[in-house]
Each structure stands twice: as C-alpha cells, then as structure tokens.
Amino acid sequence: MRKITIKGVDKEFSELAANYVDKEQQPNNWLNLQFYYLFSKNGKKDIGEAPAILDSNLVEFSRSQIERFLQNKGYLKAKVGDTIKVKSKKAELIFTAVEGPMFRIRKIQDSILDKKVQNLYRVNRPRFSHIQPGGRFDTDSLAYDRDEFYLIMKRNGYFDFYRQYINFTYDSTFRSSVVDIKMIIDNPIGKSSHPVYKINNTVITVANSAGLTPGHVDTIQVDSQFRYVDYSRKFQPRTVTDYVFQRKGQIFDIDKQTLTTSRLSELNVFRNVPNPTYQKLPDSTNRLNTKIDIVPLKQMSDRVEGEFLFNGGRYGYNLGNTFTDRDLFKNAAILQVKINWSVLFDNSSDLANPNGIENQDFRIGASLIYPRIISPFNFPILGKYGVPHTTFSTNYQLFFQKDLVERQSFINSLTYDFAETSRKIHIVTPIYIEFSHGSIDSAAREELLAKNLYSYIKLIGRTVFTAGTQYTYQYNAIALNSYSNFTYFRGSLDMGGNTLALLSSVFNTPKNNLGERTFAGQAFAQYAKAEVDLRFYWNLGGERQLILRFNPGLGVPYGNSRDSTWIFEKEFYTGGANDMRAWLPRTLGPGQFNRATFYGAASKTDTPSAGDVARTRLKYLDQFGEVKFISNLEYRYKLADNFFGSKLKGAVFIDAGNVWRLYPQAGDPNVQFKFNNFFQSTAMDIGTGLRFDLSFFVFRLDAAFKFKDPQFTGNNQWVLINHFNELFYTGPFKAAYRIANSGDTYNFMQLNFGIGMPF
C-alpha cells in the first residue's frame, strides 16, 4: 500500500476520516517497514510492521466506515465512493465523498417519567450538554450527553441506573436539513421511579501477599460501619478505613468509589485494589453493603541499580541499592534505606596518577514515610486529591577527591506533602538541619591560595551547619505524561540560618576568627535560595510535541554568610543529562571561566611539570555559582511503533544557559553575573536523541554537541561552526587546546544515557 487520498471531505473532518480506513490498508511507516525487513524472519511480526497488502473487502469496509462517519457528523445524505490505482505493485486508494448539506438541530425535548430524574437532568444539562439548538447534528454529541448524565445519576445515589435507560429519537426533515431531538429516560420495569441507594455496612478483607485467606483470624468491629478482617496480620484497621470515602448513611457516589480505589492503591502497600463491590439489602430500605477485598505487596523488597560512565578517557561506575519495608508499624509506613557508591577513574592524561581513582562518593540515607500528616495539630485527612505524606529522613555523604578534599555532610529533615487539587501540590519542610565538614589537602590549599580561589577554600574546606525551612509548589505534574497543551510549573524556596541568627543574637554567642557568629561552637550559614522550573508543552498532532523550558535560580548568602560563603551543597551546578547535555556534570561555568587561562599553559614535555601537577590536582573542582539560568527547546516525535518490544521515539533539542557567581571574584572578573555580558557568557548546545518507551518506563540516549562555548571569547565561542571539521578528528584547534589544558582533550560531543525524560 503506497498512499491513501480522501477527497470531498470538509477540512475539519478530513484527518479524522482517514482514521476510518482499516488499519490493514493503511500505508506503512517507512521506518517500521525497514525494521520488519531487517529483523523479522519467517513471517513473524516481532519487530516493525509487516507490509500492508491490498484487500478489496477491507477497502469496501473502509469506504462504508468513512460514509457512516460523515453521516454521524451531520451530513446525513453523504455518499462515499472508492477508486484503486495500481502502479509497480503498489496501490493508491482514493475515497471520494459527496457530503451534501449539513443538518442542524432545530428543537430539543425530553421525556422523563421520573420527576426527580427530570429535575436533575434539566438543572445539570446546561453544564454538560453538547447538544444545542442551531448546532450541527452529531451522534457523537448524543453519546457524550448520555455518558455525562449517566455519571451524574451515579453520583447522586442511583446505583441501579444503566446507560440503556437513556435513548434518543430524532426526526430529520430532508428538505430543510434540520433535525428534532428527543431524549427519553424510562423507568425500571414495574417501578414508578428510579430508587436512590445509601451506604450501609462495609466489610474490609486483607488477604496475605499470595492473595490467599488461610486459617482463621478475628473480625474486628471498628465502628458502626466497618468490619475488618486481616489475614496478613500486617495492618491496623485505620490504614484502610481512613481512605474509604463512602460513609454510612451517605448516598452512593461513583466518584467516591473511584477515589477509594485510587487512594488505597497510592498507599504503595497493596498490589491488588479492585473497585469496592456492593450488595443490596433484601428489604425496601434501598441500602448497600460494601465489600472491599485487597491484597498486600510483599512487605520487603530490594532493588539494585547501576550505571557506567565513559567520556574522553574518563570512566567510572555508580552502584546503588534500595531496601524497602512497606509496613514497619502496621500502618502502611514505608521505610526506605538507600546506599550509593560512585567511583571515577581517569586514564587520559593524568601523568601523576595514571588509571587512578580521581574521586569517590558514598551516600547512605533512610526515610520513614507515613501516608498521613503527623503533627501536634489535628489535621483532617487530606486525601481527596492524593495521599498526603509525612517523611522523616536522615542522610550521610562522604566525598573524597584525590589530592584535593574530603567532605562529609549529615542532613536531617521533616517534610510534608499534600495535594490541594489534582493539579496543585505543596511540599513543606519545616525542619531542615545540615552539618557539613570539609578537609582540604595541604598542597591543594596552597595552590588554591596562589590562584586566589578563596571561595573554594571557604566552601569546601570548612565546618558549617544550618537549620532552615523549605517550600515547593508544583502545578500540572499530572499532565506530564499526556500529549495535551499545558503549562508546568515548579517553584521552590529554601531559607536557612534565620532562627540560628536570632538565637545567637539573643544569647550573644561568640564570633569566630572570620567574624561569623557561632552557635554550639560552630559557624552557621544564613541564606535564601529560590529556583523555578517553568515549561510549556504544545501538541503538534499525534505523538509530536514541542517543549520550551526555563530554569532560573538565585541563591543569596546574607547575614552570617554575607561575605558570599555558605554551604557548598547549596550552590547551583549545571551540565549532565538533564540540562546542558553537551557538558559533563558540574563542568560548565561559572560564566566565562577558562581553566587554561587561569592555570596557565601546560608543559610540552613528557615529564609532568609543577603546573601540570597543579592542574591535574584541581581539574575536577566543581564549577558552581549562586546564579543559574537554563533554557531548553526540545521537539519530540515518534519513529516506530514496535522496536524490540518498545515504542521508538526521537528528539532534537537546543540547550542554553550557565551558572554565574553573584559577587566579584578576585583575579577572574568574567565569572560574575552581569546583564551586559549575559549572552557572551551563555553556553549553547544542540543535539538529538532516542527514547525507548516500554510503557512502564522510558530509557533514553542523547548525543549533544557543544555549539557555543563561553570559555572562549568573541567569534571563537562558536566552536561547532568554526571547527566542524574537527568534530571527530584532531586538528589545530584540538591540538592547541590539549597543549593549553595539560593534555585534556576537547570533546565536542557528549553521550548521555538516562532513565525517564530529561524534563
């Protein structure tokens, strides 16, 4: 099958009409077809798509489907014909429509015997109906109205109401092209009205993790409504009853039924939560007994994760393990213990330490997550739009950089998260305590002092702590997996040290030799930090999407940190798989910082000079700043429906941004944020990528190319344009860079492997 052409169809419906051509007669996606020829054998349709073969029966079926579609859209006199053109064993299908006049609605009536139902319909109809006098006659609108009123009935106690009770009749006058519509709702056979049902008793049964109910367990009568039976012996009754939203004496409401199922699933301790079932009492009271049967997940699980990094002779690995206990105190509290260990090696140009370990990062943390708000105050169950959580966490990190620094940090926090609506989420951390200690290698300290890098010494080589609060507001996260047009927003505010500053002032605590106030014998950081993630998503048809993202951030040390030193971990960094994808993490900026200029040219001999050793010692210093601005533009599209069991998607993107220092830095004026130098100090990259969508998760591979590199000046910043011929080969530009940077190679391209979308 080569091509399908549809003629004579109104522009509004031409694209939809093409969908009514049978799938077996649709032209193949070229890439899907090539995958089929390349990978599929013996006629098996494992990869890609088998070629579409012309079938006259399916052509006739497609013609009648298009004709019916047009008639359902108001062209009641529509007729469709088909023509087949064959050339070189490839067929073109041409469907030609004669639509005729569009029929419009002249009059709408209803015939509803139950007066309460009639009143419910007439009150709500203006809010949901797509059927209006003067509008186009459309059977899809009739179906929509029926479904909407069915849900209204189900929300108002009509448990026994079915869609089949709703019917439409319509009379069309062909000469004047108008239609009169009547909506009819019948009463149940033998009854004068539709009964309204109320909730009575509820029985909750929890099986064991195998889904079985062995042996005998006691039935707990929780209150006048709930009876609770737990064969797993793992959960207190409140774990479930808190999230059952249909209460005794209330009318049946299908939305509360769905809400109950959703919230019990969100507890993340049950693997099978079907909708509650109902049984009518054998009397005339119109009451419903509810039964909820659930199966828990295994209480304990363990997950091992790992990844490998390779770039320009640098290589390393990252290993992680997450242990989960899903019911620590029989109230669905989840304990998670995470351990992560990463190591980076360098065998490219480190003459002093060939193939040696450059840095190691070890992290261990524990989080205890309760599915409710725990506080001294009596909060209601905030579960209408999502399960709220209270999280107690503690984390320890040990970072070691060879010949440079050893840092330890210890963080404790209490966090609440809850949903105000289905789109608005609040995350509040009222208590956040961080203690950091750094120890700089004595030789590295001397080199940093010689280069006037005082901020590094103060940030990574000192002991400091802070206590603060954090707040995050998130809007439209629910839409991130859709293809609709929407705006996503995430904003966070982090403030620390204010309470400690007040206490140190009240108690007149002593100052250290840097003039900073201390508390409990240690200097503390005082700061405010804000960050925004704003994205615009546009659907371009099908699974094509354009995303524009802005990610600014600002950190302001003040008060006890007014000399611009605060906590190293609070700084902004960029580079990596989720923002500036052509740079390795923490290697871009600040501003126009140029290491070759800063450290001086390397020696040209094979014997490592003092300058070479100094540069090697400091080559992995993190590049950081108090100001950040990142922007991304990405176009996403589908390549193939079936590629080794996944949906293959593609992306092209442009990234732009950097980090900057907020205050001037001694010896390097090009790192401070200035509006008049914003564009000159902004980095840019371009790239393309593949996304392998396995439904339950997405993994991706992106190739990003440096386009504008702010470490250079003037026209030399446009590295990809000026040195495109050296993209994969070494020429004068790469050779000069290698000499100026102690043997480091300039890498135009960076490959990034990641799980999930970059944003």
Side-chain angles (χ1 to χ4, degrees), residues 1-6 9-36 47-49 52 66 69 140 423 475-490 533-551 577-579 581-582 630-656 684-705 707 752-759:
M1 194 63 58
R2 182 175 66 89
K3 185 179 179 182
I4 291 176
T5 302
I6 298 179
V9 177
D10 186 271
K11 184 178 180 180
E12 181 181 358
F13 304 116
S14 58
E15 186 174 342
L16 290 174
N19 295 332
Y20 286 86
V21 177
D22 189 270
K23 185 178 180 181
E24 296 291 330
Q25 301 299 286
Q26 296 277 3
N28 290 101
N29 175 285
W30 181 86
L31 191 59
N32 279 336
L33 188 60
Q34 302 312 307
F35 284 150
Y36 176 84
I47 308 298
E49 295 176 356
I66 295 173
F69 164 71
D140 288 340
R423 296 181 181 273
Y475 177 74
N476 251 350
I478 193 174
L480 287 177
N481 293 323
S482 72
Y483 288 98
S484 58
N485 297 321
F486 66 94
T487 300
Y488 169 84
F489 176 85
R490 181 183 175 94
D533 186 350
L534 176 63
R535 311 175 202 167
F536 301 94
Y537 290 77
W538 293 285
N539 177 258
L540 303 180
E543 297 183 32
R544 292 177 296 140
Q545 206 173 28
L546 183 68
I547 303 99
L548 176 62
R549 178 195 188 209
F550 298 103
N551 180 208
N578 297 318
D579 45 52
R581 283 168 273 191
I630 302 294
S631 60
N632 313 89
L633 182 66
E634 181 164 305
Y635 171 63
R636 299 171 184 170
Y637 53 93
K638 184 179 71 173
L639 287 171
D641 286 313
N642 182 13
F643 182 75
F644 291 94
S646 70
K647 184 177 288 188
L648 180 62
K649 299 179 180 179
V652 292
F653 55 83
I654 301 173
D655 307 321
M684 294 178 63
D685 66 52
I686 60 174
T688 185
L690 297 174
R691 284 88 168 94
F692 302 88
D693 188 347
L694 298 173
S695 296
F696 49 93
F697 76 94
V698 175
F699 67 90
R700 58 187 166 88
L701 179 66
D702 287 332
F705 300 85
F707 189 76
N752 295 294
F753 173 81
I755 302 296
M757 303 302 278
F759 45 83

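With sequence neighbours excluded, no residue forms a ring pair (Phe, Tyr, Trp, His ring centres under 6.0 Å) with Y488. Listed by chain and number, the residues in a ring pair (Phe, Tyr, Trp, His ring centres under 6.0 Å) with F69 are Y20 (sequence neighbours excluded). Remark: Y537 engages F486 in a ring pair (Phe, Tyr, Trp, His ring centres under 6.0 Å) (not counting sequence neighbours). Partners of Y483 according to the ring pair (Phe, Tyr, Trp, His ring centres under 6.0 Å) rule, which considers only residues two or more places apart in sequence or in another chain, do not exist here. Residues satisfying the side chain to side chain donor-acceptor pair (under 3.5 Å) criterion with S482, sequence neighbours excluded, are S484.
The minimum heavy-atom distance between G689 and D702, with the atom names listed, is CA-OD1, 3.3 Å. Contact detail for A704 and A582: the closest heavy-atom pair is CB-N, 3.5 Å. Across all their heavy atoms, A479 and R423 have their closest contact at CB-NH1, 4.2 Å. Contact detail for W538 and L548: the closest heavy-atom pair is CZ3-CB, 3.8 Å.
For the pair L480/R535, a side-chain contact is recorded, criterion being any heavy-atom separation below 4.5 Å from C-beta on. Side-chain contact between I6 and I66: present, with at least one pair of heavy atoms (C-beta onward) separated by less than 4.5 Å. Side-chain contact check for P758 versus N578: some heavy-atom pair is nearer than 4.5 Å. L648 places a side-chain heavy atom less than 4.5 Å from the side chain of F692.
Here CZ of F489 is found 9.0 Å from CG of D533. Values are rounded to the nearest 0.5 Å. Atoms CD1 and OG1, on I686 and T688 in that order, are 10.0 Å from each other to the nearest 0.5 Å.
For CD1 of I478, the number of neighbouring non-hydrogen atoms (other residues, nucleotides, ligands) closer than 6.0 Å is 12 at most.
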Could you go through residues 633-640 and list every donor-acceptor pair under 3.5 Å that involves a side-chain atom there, pairing it with any protein atom two or more places apart or in another chain?
| from | atom 1 | to | atom 2 | distance (Å) |
| --- | --- | --- | --- | --- |
| E634 | OE1 | R581 | NH1 | 2.9 |
| E634 | OE1 | R581 | NH2 | 3.2 |
| E634 | OE2 | R636 | NE | 2.7 |
| E634 | OE2 | R636 | NH2 | 3.3 |
| E634 | OE2 | R691 | NH2 | 3.0 |
| R636 | NH2 | F759 | O | 2.8 |
| K638 | NZ | D641 | OD1 | 2.9 |

Legend entry - side-chain contact (heavy atoms from CB on, under 4.5 Å) assessment of L534 paired with T487: CA-CA 7 Å; L534 176 63; T487 300; 3.8 Å; yes

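Of the possible donor and acceptor atoms, none in the side chain of D655 sits under 3.5 Å from a partner among the backbone N and O of D685. The closest donor-acceptor contact from the side chain of N485 to the backbone of N539 lies under 3.5 Å.
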